[in-house]
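Report on the structure given below.
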Amino acid sequence: MCRHLAYLGPPIALADLLFTAPHGLVHQSWAPRDMRGGGTINADGFGVGWYPGSAKPVRYRQPHPIWSDESLAELAASIVTGAAVAAVRSASVGMPVTTGASAPFAERNWLFSHNGLVADWPESMSDLAEQLPVRDLLTLDAATDAALLWALVRHRLRGGAGLDAALAATVADVLRVAPGSRLNLLLTDGRQLAATTRGHSLWWRRVPGGVLVASEPLDEDESWTPVPEGSLVYGTSSGVAVKDLGAA
């Protein structure tokens with residue numbers, strides 16, 4: 001399936017996350033180490049979102065493999081940010097390969113990514129979809145499970161839910177109607193981040209003044225810690241907490 005990461009901390013170049021690290025996201029796109037649930041490479045699009053000194057993030061997304069993008073390396077080397085989300089995509093069978101289908105998804109100051117698959121899509125999600133405003137359904141970024149998951153999470157965020165609560169409640173709802181779904185969700189507002197593990201790998205590492213989470217470690221640093229299956233990790237510049245999704 002997909003690979004994604006999020007960073008919060010002192011400003012760094014995007015290239016450090018994508019290219020410079022020995023197992024950065026570009027390397028993970030064609031040589032992943034832990035692709036559970038199917039897939040061998042992540043060639044169906046990519047996206048990067050970052051915060052340019054303001055609350056509203058900027059995104060660069062494309063529907064082609066990240067390693068084939070002629071502009072990204074130069075762009076990533078020139079951008080320095082204290083918060084970022086990036087993802088490479090391995091599309092599920094039958095889902096479109098378009099720019100709009102690539103994470104991160106965005107609204108206001110939020111960036112969101114999904115690594116996984118909703119079981120029995122799309123039939124399983126009809127009841128949950130009916131709970132959303134019609135306009136949200138008509139304006140989905142793409143006809144994909146990830147885009148609908150983002151709409152469900154975003155609806156809770158708009159209602160005032162915290163990042164961790166919005167993810168935990170969405171995972172619980174989806175597992176109720178679509179058991180067996182793989183739901184590694186990732187969300188940030190540029191000041192805090194939250195991520196879930198349900199069916200795929202996720203690791204975290206403290207950095208000076210911040211935190212880095214990723215589907216796979218970006219290097220051989222021994223401080224990388226795996227997030228247990230069925231857990232939620234929440235991080236800010238001051239610390240990291242990992243808890244069971246059922247208790248989130």
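These values consider heavy atoms only, across backbone and side chains, with no hydrogens, waters or symmetry-generated copies.
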Flag the pair [X] and [Y] as a salt bridge only when some basic side-chain nitrogen lies within less than 4.0 angstrom of an acidic carboxylate oxygen.
{"X": "Asp136", "Y": "Arg158", "result": "yes"}
{"X": "Arg176", "Y": "Asp127", "result": "no"}
{"X": "Arg108", "Y": "Asp189", "result": "no"}
{"X": "Asp221", "Y": "Arg206", "result": "no"}

Could you tell me if the side chain of [Y] sits less than 4.5 Å from the side chain of [X], heavy atoms only?
{"X": "Arg59", "Y": "Thr99", "value": "no"}
{"X": "Gln28", "Y": "Leu218", "value": "yes"}
{"X": "Pro96", "Y": "Thr144", "value": "yes"}
{"X": "His23", "Y": "Asp219", "value": "no"}
{"X": "Val213", "Y": "Leu193", "value": "yes"}

Assigning hydrophobic clusters by single linkage (Ile, Leu, Val, Met, Phe, Trp, Tyr; side-chain heavy-atom cutoff under 4.5 Å), is [X] placed with [Y]?
{"X": "Leu111", "Y": "Leu152", "result": "no"}
{"X": "Val58", "Y": "Leu186", "result": "no"}
{"X": "Val211", "Y": "Trp224", "result": "no"}
{"X": "Val171", "Y": "Val233", "result": "no"}
{"X": "Leu185", "Y": "Met95", "result": "yes"}

For Leu183, is there any backbone N or O sitting under 3.5 Å from a side-chain donor or acceptor partner on Ser181?
no
In chain order, what residues pass the side-chain hydrogen bond (donor to acceptor under 3.5 Å, both in side chains) check against Thr225, with sequence neighbours excluded?
none
What one should report as the nearest heavy-atom pair of Pro208 and Pro10 is O-CD, 2.9 Å
For a quick test of reading the model, state the closest non-hydrogen atom pair linking Asn42 to Cys2 and the distance between them.
OD1-CA, 3.3 Å
Gap between atom [atom2] of [Y] and atom [atom1] of [X] - 0.5 Å precision:
{"X": "Leu5", "Y": "Asn115", "atom1": "CG", "atom2": "CG", "result": "11.5 Å"}
{"X": "Arg33", "Y": "Ser201", "atom1": "CZ", "atom2": "OG", "result": "11.0 Å"}
{"X": "Thr81", "Y": "Leu8", "atom1": "OG1", "atom2": "CG", "result": "9.5 Å"}

What orientation do Phe112 and Phe105 show, parallel under 30°, tilted 30 to 60°, or perpendicular over 60°?
tilted
Worked verdict on Val26 versus Val88 for side-chain contact (heavy atoms from CB on, under 4.5 Å)
CA-CA 8 Å; Val26 174; Val88 291; over 6 Å; no
Between Ser29 and Arg3, do the side chains contain a donor N or O and an acceptor N or O under 3.5 Å apart?
no
Can you tell me if Asn184 and His114 form a side-chain donor-acceptor pair at under 3.5 Å?
no
Ile12: which residues meet the side chain to side chain contact (heavy atoms under 4.5 Å, CB included) condition with it, sequence neighbours left out?
Tyr7, Asp16, Leu17
Pairing residues for Pro11 by the side chain to side chain contact (heavy atoms under 4.5 Å, CB included) criterion, not counting sequence neighbours
Val80
Residues Lys56, Asn109; criterion side-chain contact (heavy atoms from CB on, under 4.5 Å); working and verdict
CA-CA 5 Å; Lys56 188 173 181 179; Asn109 60 333; 5.9 Å; no
Residue pair Ile41, Trp67: steps toward the side-chain contact (heavy atoms from CB on, under 4.5 Å) verdict
CA-CA 11 Å; Ile41 60 173; Trp67 64 76; 4.1 Å; yes
Decide yes or no on salt bridge (Lys or Arg N to Asp or Glu O under 4.0 Å) for Arg156 and Asp173, but give the supporting numbers first.
CA-CA 12 Å; Arg156 287 188 162 91; Asp173 278 355; 2.5 Å; yes
